[in-house]
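Just below is one structure, and these are the notes that go with it.
Here is the naming used below: chain letters follow the sequence lines, and residue numbers restart at 1 for every chain. No hydrogens, no waters, no symmetry mates; every other heavy atom, side chains included, goes into these values.
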Amino acid sequence: MFNAIVSADTLRATLDSVSVLVDECKIHLTDEGIEIRAVDPANVGMVDLRLDAAAFESYETDGGIIGVNLSRLEEFAGMADAGQLIQLELDEETRKLHVQIDGLEGTLALIDPDSIRQEPDLPDLDLPATVVLEGKDIDRAVTAADMVSDHIALGVETDDEVFYVDAEGDTDDVHFELGRDDLIDLVAGDAHSLFSLDYLKDMNKAIPKDAEIEMELGEEFPVKMHFDIAEGDGTVTYMLAPRIQSD
Amino acid sequence: MRLDEFIEDFQRDEAADLRRLAAEKSYAITEYLDDVERQLDETVQGDALFGSTAPSIFVGRSNYPDVSTGLLSPVAGPETDPTDYVTSGEWYQQGYSIDDVFQRRTGLLNSTRSASVNVADVWDGFVGVQREVAIADEPVDVEIGLDGQPDLDVDLDDIGAPRGPRARARDAELAENPSVPLEVEKTLEDDDWRADGAMTYLYRRGFDVYEINKILSAGALGQGANRRLVPTRWSITAVDDTVGQYLRGTIRNANSIDTTEVRVNEYMGNTYWVIMTPGQWEFELVELKAPGSIWNPDPDAGMYMAADSEGYEGRTDYVDETSGAYYATRLAVLEHLQERGRQAKVLVVRHASPEYWAPVGVWQIREGVRHAFEQELGEAESFRDALTELAPHFPISLAQLRRKSEMVSGLQAQISDF
């Protein structure tokens, strides 16, 4: 059983942060809220999302897993105005999701969860550097790097206490750095890793510009980015595997 | 073989000779054209009726969808074998030089008419004859009514093979009943079959991409309403891309190769380094075009560099910089991996030296890379080691290559590696 009412904004933010990586996903329904974990087909980018019951106007479930086609559900959610409420109700008989927005009603066919790619294990990484910055700074770095290159280096200079972004293209370079004063917080540790911009651009699309992003970095290690959605009643973690320079 | 011994084997010594030859060769083309003129005078009869055996067709791309569509047939007498004039992997095996290619192609008359590309049901008239020639497995005897004198010139293209003299055709008739392979009959008759599926089917039934692109070009594949003449240049790339996607699918879940493997091959003044390293499929072509080579003709210009790449899931858009060379190279690499049932991260570096003095078409790249896999291989400890050892033999520094190449800057890792 699943029956929930949620604001269109919250539902869209939730779906968007997953759909930048995958087309379909499993949604775990628990007493505390919903959980989604997914990895892209290349096993390079991963998302781990939790949306608490408190983020919903009303939330009832006795547990279970449903499989959804994200772009279909996003289309439904797109029918609502920003402040409108969306009711989602699982029809156990037909395995369809009943969607109701004001007077608009629809049903969305669900996908057999067993047919969806297996969820990844979340690697337990002890990353030496942590940077807390605003979403808009990530946007700025990604946009600047994209002018000159297809990849981007993210790093921390321990001595100078600086977080930096480097992009090198055929002929042009971009360098962007933020010192301790420009950052919300910094735990300095040696870090430098190269990432594919394609992935980072996709993740950037779903990162709220005004949110605080906690970014964990290491030496040729994946980057982790944590941020809140739904006014703190939900969290998203992205993990992106690096491009390795030393092999 | 250890990589350092392997490297010693491919030190180039013929470069200087080739360069000198290249300077002389461009004059040779003019002489071939004189020969063609003489042969045409002999072959074309009073009312400009030209009897020949057509092995192939050509579809132009300008003015699409009203294109110039042509029958290609040798002007030389009956003692020639028309199949020698058709671009295929055979040209490589027979060791064709740039010169040989031009000799063949200048001897091939392109008799053209303009036609709409919408040909779903057109099996009569000039276009009908042309389509019959395209689906036949052997060159077909035809009689072509020419309208006026042929225009004796050579057209160059970076993807298609060079084209020789052109004449406007009044009409054309089959002088025999062409033989059409069963598989081609099957794809032709099924007008519910999408073109990509039909191309893959033909490939799996042993047709090489050269035959498939001829058939595709004649609008003989695909769902009924979508059947059109496809300009030769587009059809070459379309077939390389489609077959490549099919092959990539077959290795999607394959195990990786175990060590870093380096191969090199040289053909027509081009050097191909193929570096394969363990991991999930990733591919890049980097082209280095030397100053003074074709497409970078100014001898004082710097090295022209172009690169395109794809990750595990492939590309969604057409390449930016390397055009048809990308798809031809990727096809050759995927054929090798599929045969081994393995996947790998593969970097191909192509160096076009000044000895590559005239473009002969993308087949040269496809065959150059296909045959790289027949060469002895060198093994390295890692991708990085392979690059470091090869670097002195590249015409640019490793630092320059790193700036241009996605794979040289870093190889994509997976979440599960950590």
Side-chain angles (χ1 to χ4, degrees), chain A residues 21-23 37-48 117-127 145 148-154 166-173 192-199 202 216 218-224 237-247, chain B residues 248-249 252-253 259-260 275 277-282 284 286-288 302-317 319-321 343 345 347 380-388 396 398-418:
Chain A
L21 283 177
V22 292
D23 301 328
R37 185 181 291 178
V39 65
D40 85 298
N43 196 7
V44 170
M46 180 176 152
V47 58
D48 187 32
R117 196 172 31 255
Q118 215 177 347
E119 290 153 308
D121 291 327
L122 197 64
D124 187 18
L125 304 176
D126 191 14
L127 297 165
V148 300
S149 186
D150 295 325
H151 43 260
I152 182 172
L154 305 178
D166 269 328
E168 278 191 357
D170 305 6
T171 51
D172 306 323
D173 293 339
H192 178 93
S193 303
L194 190 74
F195 299 97
S196 153
L197 258 181
D198 274 350
Y199 280 93
D202 285 343
E216 294 178 66
E219 294 274 358
E220 298 219 307
F221 258 79
V223 58
K224 278 188 183 182
T237 297
Y238 281 131
M239 189 182 296
L240 176 60
R243 297 189 72 91
I244 301 288
Q245 298 172 274
S246 60
D247 277 2
Chain B
R248 188 177 60 212
R252 203 174 158 81
N253 297 311
T259 54
T260 299
I275 307 164
T277 201
Q280 187 171 247
W281 169 254
E282 191 173 350
E284 182 170 34
V286 178
E287 293 192 290
L288 309 171
M303 181 71 69
Y304 175 80
M305 296 193 278
D308 286 295
S309 60
E310 66 182 48
Y312 178 66
E313 290 184 85
R315 301 181 61 89
T316 48
D317 50 352
V319 294
D320 292 327
E321 300 182 356
Q343 59 179 316
K345 296 185 182 296
L347 170 68
E381 288 294 312
S382 68
F383 185 66
R384 199 61 38 194
D385 282 358
L387 287 172
T388 311
I396 55 169
L398 204 48
Q400 281 174 292
L401 187 60
R402 186 178 303 115
R403 291 189 79 103
K404 187 68 203 175
S405 161
E406 194 68 10
M407 285 182 66
V408 176
S409 7
L411 297 175
Q412 182 63 59
Q414 293 172 253
I415 297 269
S416 49
D417 298 338
F418 297 91

| With only heavy atoms counted, which part of M305(B) is less than 4.5 Å from chain A, the side chain, the backbone, both or neither? |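 For M305(B), no heavy atom lies under 4.5 Å from chain A.
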| task | Please flag which part of P120(A) lies under 4.5 Å from any non-hydrogen atom of chain B: side chain, backbone, both or neither. | result |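 Interface part for P120(A): neither.
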| task | Below 4.5 Å from any heavy atom of chain B, which atoms of F195(A) appear? Answer side chain, backbone, both or neither. | result |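 Neither part; nothing is under 4.5 Å.
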Show the nearest heavy-atom pair for residues [X] and [Y], with the distance to one decimal.
X: S409(B); Y: L194(A); value: O-CD2, 3.4 Å
X: A241(A); Y: A413(B); value: CB-O, 3.3 Å
X: A42(A); Y: Y312(B); value: CA-CD2, 3.4 Å
X: E220(A); Y: F418(B); value: O-CE2, 3.6 Å

Check whether more than 12 heavy atoms from other residues, nucleotides or ligands sit under 6.0 Å from atom [atom1] of [X], and answer yes or no.
X: D202(A); atom1: CG; answer: yes
X: D126(A); atom1: CG; answer: no
X: E381(B); atom1: CD; answer: no

| field | side chain to side chain contact (heavy atoms under 4.5 Å, CB included) assessment of V44(A) paired with Q412(B) | value | CA-CA 8 Å; V44(A) 170; Q412(B) 182 63 59; 3.1 Å; yes
Measure the spacing between [atom1] of [X] and [atom2] of [Y] and express it to the nearest 0.5 Å.
X: I415(B); Y: D121(A); atom1: CD1; atom2: CG; value: 11.5 Å
X: I244(A); Y: K345(B); atom1: CD1; atom2: NZ; value: 9.5 Å
X: Q400(B); Y: T171(A); atom1: CD; atom2: OG1; value: 12.0 Å
X: R402(B); Y: E168(A); atom1: CZ; atom2: CD; value: 8.0 Å
X: S405(B); Y: D170(A); atom1: OG; atom2: CG; value: 10.5 Å

| Under 3.5 Å donor-acceptor, R403(B) side chain and G169(A) backbone |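 Yes, R403(B) side chain to G169(A) backbone: donor-acceptor pair under 3.5 Å.
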| said: I'd like to know which of L122(A), D124(A), D173(A), D40(A) tops the heavy-atom pair count under 4.5 Å against chain B. | reply: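 Looking at each option in turn, the highest pair count goes to D173(A).
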